[in-house]
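Labels below follow one simple rule: chain letters A, B, ... track the order of the sequence lines, proteins then strands, and each chain is numbered from 1. Here the structure is a predicted model, which is why all the values come from computation and not from measurement.
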2 protein chains.
Amino acid sequence: MSQALIRKLQNFVKLSAAEQRAIERAGSERVRRIGAHEDILREGDKPNGALLIVDGWACRYKYLEDGRRQIVGFSVPGDICDLNVFLLKEMDHSIGSLTEVVVADLSRETLEGLMSGSTRIAHALWWDNLVANAIQREWTINLGQRDAVERMSHLFCELFLRQKSAGRAQGNSCDFPPTQAELGDATGLSTVHVNRTLQQMRSADLITLQNKRLVINDIDALMRQAMFNPSYLHLDRDGAHLDAND
Amino acid sequence: MSQALIRKLQNFVKLSAAEQRAIERAGSERVRRIGAHEDILREGDKPNGALLIVDGWACRYKYLEDGRRQIVGFSVPGDICDLNVFLLKEMDHSIGSLTEVVVADLSRETLEGLMSGSTRIAHALWWDNLVANAIQREWTINLGQRDAVERMSHLFCELFLRQKSAGRAQGNSCDFPPTQAELGDATGLSTVHVNRTLQQMRSADLITLQNKRLVINDIDALMRQAMFNPSYLHLDRDGAHLDAND
DNA sequence: GTAACCTATTCACATGCGTTAGTTTTTCAG
DNA sequence: CTGAAAAACTAACGCATGTGAATAGGTTAC
């Protein structure tokens with residue numbers, strides 16, 4: 001059930017078999033299925049734990065008073081939403097499903113058990129949280145400085161690599177369910193311009209995007225186009241000195 | 001020395017006199033002064049603790065390969081930079097001073113001592129970190145959805161309230177040292193358009209900005225203009241149930 | 001099977017903001 | 001006080017992207 005999370009955390013530190021089992025167990029306690037295009041948590045809700053995305057895609061978003069919507073991040077299998085958010089009174093943004101989604105509720109007690117049971121797991125979860133912050137900073141840069149093609153290219157690079165790091169990419173392709181309207185809400189572009197931009201990227205033979213699948217025809221070209229530097233994802237076993245020996 | 005941090009944390013939870021002294025001590029151990037417009041930490045550096053801004057303003061930023069720069073956040077007195085970032089191998093962004101700055105280096109040991117010495121302090125520091133994430137999300141929204149006037153208004157609201165929460169605002173005014181070029185790097189606008197935007201806001205009598213001081217003439221009007229909703233700053237004593245009784 | 005509705009696509013036109021290239025004002029070192 | 005550099009400001013013009021509106025294919029509900 002939580003293979004994607006374990007795979008992802010192992011980019012930071014090698015976990016022992018027992019640690020993997022502990023995560024496995026935590027991720028199977030309370031599992032729910034949610035339909036496509038539903039809210040999982042809504043702005044103003046009182047959170048009482050964290051969510052692990054087991055399957056499907058979700059997004060975090062927020063509406064302005066006048067109806068404009070900004071998606072501030074995508075959540076893919078292996079992602080934990082709002083680790084430790086139970087310190088805050090209420091959610092300041094919403095989380096909605098893009099596809100049908102399977103989530104595991106991680107209660108406060110479960111999380112505290114995991115973290116106190118293994119320093120390595122605790123560190124790995126903090127690593128994941130720090131990377132989530134870095135991703136959010138990168139979105140700020142993306143929206144502030146990159147033009148439409150660069151912005152879209154960067155988003156594709158990010159989500160391909162994130163899925164790959166969780167064992168969820170196949171060769172040069174991966175799932176990619178957002179509609180063009182959702183891509184617009186994530187990139188701050190109108191749907192018309194998202195469409196124009198995708199056409200342009202297709203005719204430059206950078207990507208193929210159909211049937212909710214993304215195929216990256218030339219990853220180097222795409223990364224160059226996006227000025228994508230993957231170091232912010234910290235996927236290079238930062239915590240190797242903590243690796244399990246068994 | 002760390003009054004601003006203590007003031008800010010007390011928005012979340014009331015700290016005992018002993019806890020306040022402990023923070024005071026941690027923030028006076030290693031204090032340095034840095035000139036205006038210098039880098040405090042640079043992308044690629046290996047962090048070995050956290051920084052507390054005691055006085056002056058700094059910013060976090062990142063360059064794209066072609067020289068475009070995005071400021072991803074401002075740091076004002078009382079702000080901690082990169083709490084727990086020592087889990088990561090290297091900085092994925094830089095931190096530079098805008099004015100002359102006084103910083104206190106908080107070593108890993110000092111931080112761990114603070115957090116293990118008081119659960120309330122530990123929680124307060126995590127609260128601060130969660131709020132920092134929420135601010136980063138809000139910047140994403142700001143750059144993705146708001147036009148120039150709204151964007152600038154939102155930035156002013158944020159920084160006024162953040163300084164106020166640290167006891168660093170005076171009535172309806174506060175320090176505001178960024179140049180128009182720096183405001184452009186933060187809002188994703190050209191300096192020319194920053195200038196146009198400020199003129200517009202001045203003629204609408206929303207703000208006065210001169211001599212590195214921001215005066216907010218009509219906070220309600222400014223917040224309306226920005227569609228600013230302060231709840232993401234979580235300034236409403238979320239952790240009241242943990243308050244010190246002494 | 002078909003109505004209702006997303007989703008993708010295209011076109012024409014409008015505009016917010018960028019760019020280039022200045023000038024003026026302020027700051028600050030000496 | 002003076003000169004040089006930084007910061008603020010202005011004007012003209014162009015383009016990337018938004019808006020509104022229309023079409024068509026695909027999907028889902030009944």
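- Look at CZ on B/R68: it is 14 Å from C1' on C/dT19, rounded to the nearest Å.
- The CD atom of A/E150 sits 12 Å away from the C1' atom of D/dA16 (whole-angstrom rounding).
- Side-chain contact between A/N195 and A/V192 is absent, with no heavy atoms from C-beta onward closer than 4.5 Å.
- Summarising the geometry, the separation between CG on B/L209 and C1' on C/dT26 is reported as 14 Å, rounded to the nearest angstrom.
- Between A/D45 and A/R42 there is no salt bridge, since no side-chain N of the basic residue sits under 4.0 Å from a carboxylate O of the acidic one.
- Atom CG in B/D185 sits about 14 Å away from atom C1' in C/dG18, given to the nearest Å.
- Salt-bridge formation is not detected for the pair B/E150/B/R224: no Lys NZ or Arg NE/NH1/NH2 atom is positioned less than 4.0 Å from an Asp or Glu carboxylate oxygen.
- By the 30° and 60° cut-offs, the orientation of the rings of A/W57 relative to A/F176 is perpendicular.
- The line from OG of A/S94 to CZ of A/R69 is 9.5 Å long, rounded to the nearest 0.5 Å.
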Hey, what are the protein-to-nucleotides 8-17 of chain C N/O distances that come in under 3.5 Å?
residue, atom, partner, partner atom, Å
C/dA8, OP2, A/Q180, N, 2.7
C/dT9, OP2, A/Q180, NE2, 2.7
C/dT9, OP2, A/N195, ND2, 3.0
C/dT9, OP2, A/R202, NH2, 3.2
C/dT9, O5', A/N195, ND2, 3.3
C/dT10, OP2, A/Q199, NE2, 3.1
C/dC17, OP1, B/A148, N, 3.2
C/dC17, OP2, B/H193, NE2, 3.2
C/dC17, O5', B/H193, NE2, 3.4

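- The distance from atom CZ of B/R213 to atom P of D/dA7 is 20 Å, rounded to the nearest whole Å.
- As rounded to whole Å, 10 Å separates atom P of C/dT27 from atom CD of B/Q210.
- Look at B/R168 and B/D175 and you find no salt bridge, because none of the NZ, NE, NH1 or NH2 atoms lies under 4.0 Å from a carboxylate O.
- In this entry the distance linking NE2 of B/H37 with C1' of C/dC28 reads 13 Å, nearest Å.
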